[in-house]
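The block underneath contains the structure these notes are about, expressed in structure tokens.
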Amino acid sequence: LRGWVRRPTRNRRRRVRRAGRSGGRCGHGRSLALAVLCYNEHRFPEWIPFIVPGAKFRFDLHRNGSFFHGVVIDESAGHIYPIFRGTDADNTVGKIEAWYANFNMFTGSDGIHNGFQRVVEDALKEYAPYYAGVMSSMSVGHSQGGGTAKINALLSCDRFPGLMWSRFEAYADPPSGNQAWSDRCNA
């Protein structure tokens, strides 16, 4: 599933054109490689230079391995890739924590899946400094990570005014919210 979240502006046509020009630098193959690589977190240091040459990166594996997410920053293109792994863990406690986020499907007044939103809020707090100076974002994820990538695309656009556009690519992703969430994404 692919999608766009554009910042509403008075001069929307100009922003869409810019997004189209810079959008060619972050293709489907790159996002798929990053999503697959999330399940081999120990291989990131050796593979990131091949996927996004010259990029900086930071990744965090939470206690018990319940959540894994990170960012790859391509400063030359002014682009950031927030990346989210699906449900996976190092031990039984981690698996319970990860599955709890999956089954915490209640939504607030904003219509967003509460379990996924908690993961995204934590990631946005951790990686806020990396959004400074970037113009575009492509959130990537598989399974649970795909659900969180969709939420991250919208919330990062709301939270960081410097982003011109935010895009997501989600693979085998579950629903991320209810009808109110869907309406907000399509607005």
Side-chain angles (χ1 to χ4, degrees), residues 1-7 31 34-42 44 57-73 80-132 134 136-163 165-187:
L1 179 64
R2 292 182 180 182
W4 289 85
V5 178
R6 290 187 200 98
R7 178 175 305 290
S31 66
L34 291 170
V36 170
L37 194 56
C38 279
Y39 291 94
N40 296 303
E41 57 268 6
H42 62 283
F44 263 98
F57 59 93
R58 176 181 166 203
F59 291 91
D60 294 302
L61 185 63
H62 286 233
R63 69 186 192 302
N64 301 315
S66 56
F67 303 107
F68 177 76
H69 49 72
V71 290
V72 175
I73 305 100
I80 188 169
Y81 298 88
I83 301 166
F84 299 90
R85 183 185 71 189
T87 307
D88 194 14
D90 297 338
N91 56 37
T92 304
V93 174
K95 289 179 183 176
I96 290 170
E97 289 173 352
W99 279 103
Y100 176 74
N102 287 345
F103 288 117
N104 187 5
M105 293 184 280
F106 298 106
T107 60
S109 61
D110 55 5
I112 301 174
H113 185 292
N114 288 341
F116 294 170
Q117 185 173 13
R118 183 177 55 89
V119 173
V120 171
E121 294 288 348
D122 290 346
L124 287 174
K125 284 179 197 166
E126 286 181 47
Y127 305 130
Y130 299 102
Y131 279 87
V134 296
S136 57
S137 168
M138 183 164 72
S139 302
V140 178
H142 171 262
S143 188
Q144 177 191 37
T148 55
K150 290 186 284 188
I151 295 170
N152 187 76
L154 183 67
L155 294 183
S156 63
C157 210
D158 289 347
R159 194 155 298 159
F160 304 109
L163 280 180
W165 59 276
S166 185
R167 179 179 168 190
F168 69 88
E169 291 212 3
Y171 302 94
D173 57 311
S176 297
N178 61 18
Q179 188 61 43
W181 161 251
S182 178
D183 293 344
R184 183 177 173 197
C185 290
N186 293 326

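Counting from 1, the numbers follow the sequence of the chain as shown. Below, each value reflects all heavy atoms present in this structure, side chains not excepted, and no hydrogens, waters or symmetry copies. Everything numeric here is computed off the predicted structure, so don't read it as measured data.
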For Gly141 and Ala149, the nearest pair of non-hydrogen atoms, with its separation, is N-CB, 3.9 Å

Any chance you could measure Thr148, atom OG1, to Ile83, atom CD1, to the nearest 0.5 Å? 11.5 Å

Side-chain heavy-atom pair Asn152, Phe168 within 4.5 angstrom cut-off: no

Is the backbone N or O of Pro175 less than 3.5 Å from a side-chain atom of Lys150, with the two atoms forming a donor-acceptor pair by type? no

Using modelled atom types and a 3.5 Å cut-off, is there a donor and acceptor pairing between side-chain atoms of Ser166 and backbone atoms of Ala153? yes

To the nearest 0.5 Å, tell me how far Glu121 CD sits from Asn114 CG. 10.5 Å

Calculate, to the nearest 0.5 Å, the distance between atoms OG and OH belonging to Ser139 and Tyr81 respectively. 11.5 Å

How long is the gap from CG on Leu163 to OG on Ser136, to the nearest 0.5 Å? 7.5 Å

Determine the interplanar angle of the His113 and Phe116 rings, folded into 0 to 90°, and report it as parallel if under 30°, tilted if 30 to 60°, perpendicular if over 60°. parallel

Can you confirm whether Tyr130 sits close enough to Pro82 that some side-chain heavy atom of one is under 4.5 Å from a side-chain heavy atom of the other? no

Of all heavy-atom pairs linking Gly70 and Phe59, the shortest is CA-CD2, 3.2 Å

Going by the side chain to side chain contact (heavy atoms under 4.5 Å, CB included) test, name the single residue among Arg58, Glu126, Arg85 that passes it with His69. Glu126

If I compare all heavy atoms of Ala123 with all of Phe84, which pair ends up nearest, and what's the gap? CB-CE2, 3.8 Å

Measure the spacing between CG of Asp110 and CG of Leu154 and express it to the nearest 0.5 Å. 9.5 Å

Mind checking the CG-OH spacing from Asp60 to Tyr127? Nearest 0.5 Å is all I need. 3.5 Å

